[in-house]
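Following: one structure in structure tokens, then a few remarks.
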Amino acid sequence: MSISKRFAELEHIRSALNEADADPGRIVMERMLSATEAEIAGRRTILAGTNNYLGLTFEPGILEASHQALREQGSGTTGSRMANGSFASHVALERSFAEFYEVPAAMIFSTGYQANLGILTGLLRAGDKVVIDAHSHASIYDGCRLSGADFFPFRHNDPEDLRKRLRRLGDDARGALVVTEGLYSMLGDIAPLAELLEVTEEFGAYLMVDEAHSLGVYGEQGRGVAEAAGILDRVDFITGTFSKSLGSMGGFCVSRHEQLNLLRYGSRPYIFTASSSPANIAAAHWALDHVRSHPELREKLWSNVAQLYSGLKDLGFRLGSAPSPVVAVRVDSHDEAARIWNELLASGVYVNLVVPPASPDGASLLRCSVSAGHSPEQIETIVAAFGEAISRTAFAGACCSG
Amino acid sequence: MSTEARDQYQEILQGLYTLLARFPTGNVELKEQTDLVADMGLDSINVMELLQEIEDRFDIIVPLNVMSDIRTVQDLAIQVQRLLGENS
Ligand SMILES: Cc1ncc(COP(=O)(O)O)c(C=O)c1O
């Protein structure tokens, strides 16, 4: 395909979004007012589409930690850890992650996307087999592709389908890698990790779990869905990001295998990119400590989840899953989703518009992410805005059940 | 190709036609040269479903990475035959 053809293809996508007045890429937060509010198109807007699950981005402590790192360590690392050396703060953060998960090895990456790319390409070679949940994030698909391994999707959250696929791999199933997530970011459903692990172990395969959306949110200590499922010590690799509950930027992997550290010598997404900036590392480290020492943040989050979930349910909306910090409202058509999304924006509420091919099962979604930083009044406003948006539509009956 | 292999290929092809007929075919006639995306208009979700049905029907497992090299029904049939060979 020539570049001009590619431009034409992309132009087609852009104009389709423009015509439907549904281009999420046009949203600009002109001024941040807090972790849960910004000015968008000059309007004070409640943010319910941020992944800022614990609402830590404006905490005085996180800001002070970042400022101090900036002053003491400078604005950037200007290089890769393997070529240009690690800062003590990177090493210290890895130590904290290993301690938190009670494992011998932790590695940090410049983003969560790169953590998945780095682990998958570091572990897998051409001809290796990897079986992934069909709803996996793009970084997991891309990591599989880049590794050159043979990869196979299994039906979303379906342990029996995983078993079938591993069985068909025959002898190759032993030592294969199975990849799943904890909390799925679009529909807000969680993986049946205990069952998936059982199948994985049955075949002598390895399990990797991406807890990008579940770190700080699930589990008694906030270690994710694997902790909540009681299988933390049996998962082989856990990846995640600093960009959601930790309110920073960067990614990590922890493992019960000390050999994880060997990937430093053979993972290109780790080696050939600059390490995270000191301010990012300091923010992530502060937030990790905060998650550990403030379990009440999770209580606040879950109480907000309950309020939003029941509010939307009472309005008759079809929701993507059981209550979780991702509350996805299912709408019948792309156009309908776009219309409600614009109505919400006009009334000062920002959520995520998710339409195919970005949505996992062809659904059109209005995805809300709940934050511990939301006040009960803000949640009330969000619910009321949804209520008004459907009462103003001619298709009110078409979008909702009940 | 041996007669046996040719028969097997034909059998696979017929099986694929049956499976494909359940997808939106964009009113095209299913032939060996039918392009799954350009002619039939299958999207990525359709392709995933198709893949799973093919796997169930032939009791094989098709790597998603080989799917990117597959354009036509013929490409698909050849790949299924290759995978069946690997298993036996
Ligand atoms: C499941 C999952 N994994 C990985 C990532 C990537 O994280 P990051 O934003 O740090 O690159 C995301 C975020 O979009 C995600 O949803």
Side-chain angles (χ1 to χ4, degrees), chain A residues 1 5 9 13 120-121 124-136 138 140-156 158 160-173 176-179 186 203 205 334 355-364, chain B residues 8-9 11-12 15-16 18-27 33-72 75-88:
Chain A
M1 189 191 280
K5 264 200 191 145
E9 187 182 82
I13 296 173
L120 291 164
T121 61
L124 302 166
R125 286 282 162 275
D128 287 345
K129 313 294 178 198
V130 48
V131 190
I132 70 176
D133 187 286
H135 285 193
S136 289
I140 295 172
Y141 277 94
D142 292 354
C144 290
R145 270 193 203 101
L146 193 58
S147 75
D150 289 334
F151 67 103
F152 310 89
F154 65 94
R155 269 182 230 278
H156 177 53
D158 186 341
E160 270 320 302
D161 198 61
L162 172 64
R163 175 176 281 117
K164 189 160 77 180
R165 260 141 244 291
L166 285 169
R167 179 179 57 70
R168 284 182 184 147
L169 279 176
D171 294 342
D172 287 340
L177 181 67
V178 173
V179 186
M186 291 297 155
F203 287 87
H334 183 162
V355 294
S359 59
D361 56 358
S364 293
Chain B
Q8 186 193 30
Y9 176 82
E11 219 172 281
I12 292 168
L16 290 177
T18 314
L19 287 180
L20 282 166
R22 285 196 235 128
F23 286 86
T25 54
N27 288 330
Q33 292 315 320
T34 303
D35 188 303
L36 300 173
V37 174
D39 298 333
M40 285 184 66
L42 293 188
D43 62 21
S44 59
I45 292 171
N46 294 147
V47 169
M48 291 281 232
E49 283 170 18
L50 175 65
L51 199 62
Q52 302 205 324
E53 293 195 12
I54 290 172
E55 290 177 336
D56 286 346
R57 182 175 184 108
F58 298 100
D59 200 25
I60 51 172
I61 180 156
V62 187
L64 199 57
N65 39 307
V66 315
M67 284 305 280
S68 51
D69 298 329
I70 289 174
R71 279 187 32 249
T72 63
D75 296 340
L76 198 54
I78 291 171
Q79 193 58 239
V80 169
Q81 188 166 29
R82 198 181 63 74
L83 289 164
L84 280 169
E86 270 179 14
N87 272 11
S88 57

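Letters A, B, ... are given to chains in the order of the sequence lines, protein chains preceding strands, and every chain is numbered from 1.
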Report task. Please determine, among Gly362(A), Ala149(A), Gly170(A), Pro356(A), the option with the most heavy-atom pairs under 4.5 Å with chain B. Result -> Ala149(A)

Report summary line: So, the part of Arg155(A) with a heavy atom under 4.5 Å from chain B: the answer is both

Report task. Please tell me if the side chains of Ser359(A) and Met186(A) come closer than 4.5 Å, counting only heavy atoms from C-beta onward. Result -> no

Requested in this report: Against chain A, label Asp43(B) side chain, backbone, both or neither, depending on which of its atoms sit under 4.5 Å from a heavy atom there.
Outcome: neither

Report task. Could you tell me which portion of Leu169(A) (side chain, backbone, both or neither) has an atom closer than 4.5 angstrom to a non-hydrogen atom of chain B? Result -> both

Query - Region of Phe154(A) that comes under 4.5 Å of a non-hydrogen atom in chain B - result: backbone

Query raised in the report: Who pairs with Val47(B) by side-chain contact (heavy atoms from CB on, under 4.5 Å), at least two apart in sequence or on another chain?
Result: Leu42(B), Met67(B)

Query - Charged N-O contact under 4.0 Å between Glu53(B) and Arg22(B) - result: yes

Query - Distance, nearest 0.5 Å, that separates CE of Met48(B) from CG of Asp361(A) - result: 11.5 Å

Query - Residue Lys129(A) versus chain B: region with a heavy atom under 4.5 Å - result: neither

Query raised in the report: With distance as the sole test, does Gln33(B) use its side chain to make a donor-acceptor pair with the main-chain N or O of Thr72(B) at under 3.5 Å?
Result: no

